[in-house]
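We count ligands from 1, going down the list as the structure has it; atoms in each ligand are counted the same way.
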Amino acid sequence: MDCVVACSNSHLLGSRLAEALGAPLLLVERRWFPDGELYLRIHGEPEGRVAVVQSLWPRPSEALLELLMVVGTLREKGVQRVVAVVPYMAYMRQDSEFNPGEVVSARRVASLLDGAGLELLVTVDMHLHRFSSPGELFRTPVANLSAAPLLAREAVGRGLDEPVIVGPDEEAEQWARMAAEAVETEYTVFEKRRVSPESVEVRPRDPDLVRGRDVVIVDDIISTGGTVARAARCLLEAGAKRVYVAVTHALLVQGALARIYAAGVSALYATDTVETPYSKVSVATLLAEVLGGRSPQLPARRC
Ligand code: R5P
């Protein structure tokens, strides 16, 4: 990789990535015109194979526009090989037309990025529930990396007592499994059980596994914190000793932190895909391994 261009949501992670790659760092300056339009300026001369880093949080729509405009500018200036590094890929949760007329944002955002002429798109723990792989959404080759092993090692490395990993819903099983493998322990997930025609109960698949043990809840996103808070309460009621949370993208909106700690969570660990005071785990090395071509998580190239 010949240089790293860090867009405005990812100056810190971009600088870590540039350092890990030993590549020059170019910063994108973002300001606003008086009417609210974006003013963007790339400082420096990008050349060769360029990585553009932009997390789509905060202000996901504006962040996406900034990314597309920066990539478009590089392509117009003759940069042939542009890799977009989107540590947090927003808009993936509206992945179906649940009600008639709803726009399937995941498809529309994928289509916009496909139109940008990228060589590769690198992301972390993309929210894929109704699509089994990024290839069902994107024509661009995508490397979808996971921070679950790094997060689990960070949480468990703090000296937990007989740690066990829990996914707060069935969709989180993929991350729970990877986390458990990384720290060589067991995992379980919460699942929905229909208890009557009218009601559904949410409970751990294997409640006995958590009794008397420290639990690490592993998930991709905390938005409002409702999912994690509900899981934490239930685990403590089931006899868990302490509950920790390890999440890749800590968006933490609408009082999420208060909700999580009120539920009895002992500590929260997150990555720097989104920059928060809880971003204790950096994904820079993970990203650098892929960009340097040394990662087993690289996607197969399409013909
Ligand atoms: C859901 O499928 C996701 O994996 C997260 O569990 C969810 O988006 C978290 O949202 P919230 O924090 O608002 O419960």
Side-chain angles (χ1 to χ4, degrees), residues 55-61 86-99 102 104-107 109 123-134 136-137 144-152 155 165-180 187-193 200-205 215-236 243-271 273-279 281 283:
S55 186
L56 301 189
W57 180 266
R59 294 177 293 276
S61 310
V86 184
Y88 170 62
M89 179 66 75
Y91 281 115
M92 292 295 113
R93 283 174 288 176
Q94 179 84 37
D95 56 2
S96 183
E97 187 179 346
F98 300 105
N99 296 295
E102 282 179 353
V104 182
S105 318
R107 284 203 180 281
V109 167
T123 188
V124 184
D125 290 324
M126 188 193 284
H127 186 91
L128 292 172
H129 281 187
R130 288 168 192 84
F131 298 102
S132 59
S133 74
E136 288 178 28
L137 262 179
N144 181 26
L145 314 178
S146 182
L150 293 175
L151 282 163
I165 307 291
V166 173
D169 51 32
E170 282 161 325
E171 289 80 15
E173 181 155 6
Q174 52 188 309
W175 301 297
R177 188 189 313 112
M178 279 188 274
Y187 75 88
T188 187
V189 294
F190 275 73
E191 59 185 12
K192 286 186 186 137
R193 287 164 190 246
V200 168
E201 180 188 79
V202 181
R203 45 167 268 168
R205 187 182 286 165
V215 176
V216 183
I217 299 176
V218 175
D219 204 2
D220 59 339
I221 304 170
I222 290 179
S223 180
T224 64
T227 305
V228 157
R230 185 184 61 210
R233 274 205 185 87
C234 189
L235 290 164
L236 289 166
V243 175
Y244 296 82
V245 175
V247 66
T248 305
H249 315 292
L251 310 186
L252 301 175
V253 300
Q254 296 177 358
L257 269 182
R259 196 166 289 115
I260 291 165
Y261 282 107
V265 167
S266 296
L268 166 63
Y269 301 94
T271 77
T273 59
V274 170
E275 288 165 18
T276 75
Y278 297 87
S279 302
V281 174
V283 294

>> Checking side-chain contact (heavy atoms from CB on, under 4.5 Å) between Leu252 and each of Val274, Val247, Ile222, Thr224, which is the one that passes?
In response: Ile222

> Under a 4.5 Å cut-off applied to non-hydrogen side-chain atoms, are Leu150 and Thr271 in contact?
Replying inline: no

>> Keeping Asp125 on the side-chain end and Ala147 on the backbone end, is there a donor-acceptor pair under 3.5 Å?
In response: yes

>> Do Tyr88 and Thr248 pair up side chain to side chain, a donor and an acceptor below 3.5 Å, judged on atom types alone?
In response: no

> Using a 4.0 angstrom limit on heavy atoms, which residues are close to ligand 1?
Replying inline: Arg93, His127, His129, Asp169, Asp219, Asp220, Ile221, Ile222, Ser223, Thr224, Gly225, Gly226, Thr227

> Should Val228 and Arg259 count as side-chain neighbours, where that means a heavy-atom distance under 4.5 Å?
Replying inline: no

>> Tell me whether Gln254 at atom CD has more than 12 heavy atoms from other residues, nucleotides or ligands lying less than 6.0 Å away.
In response: no

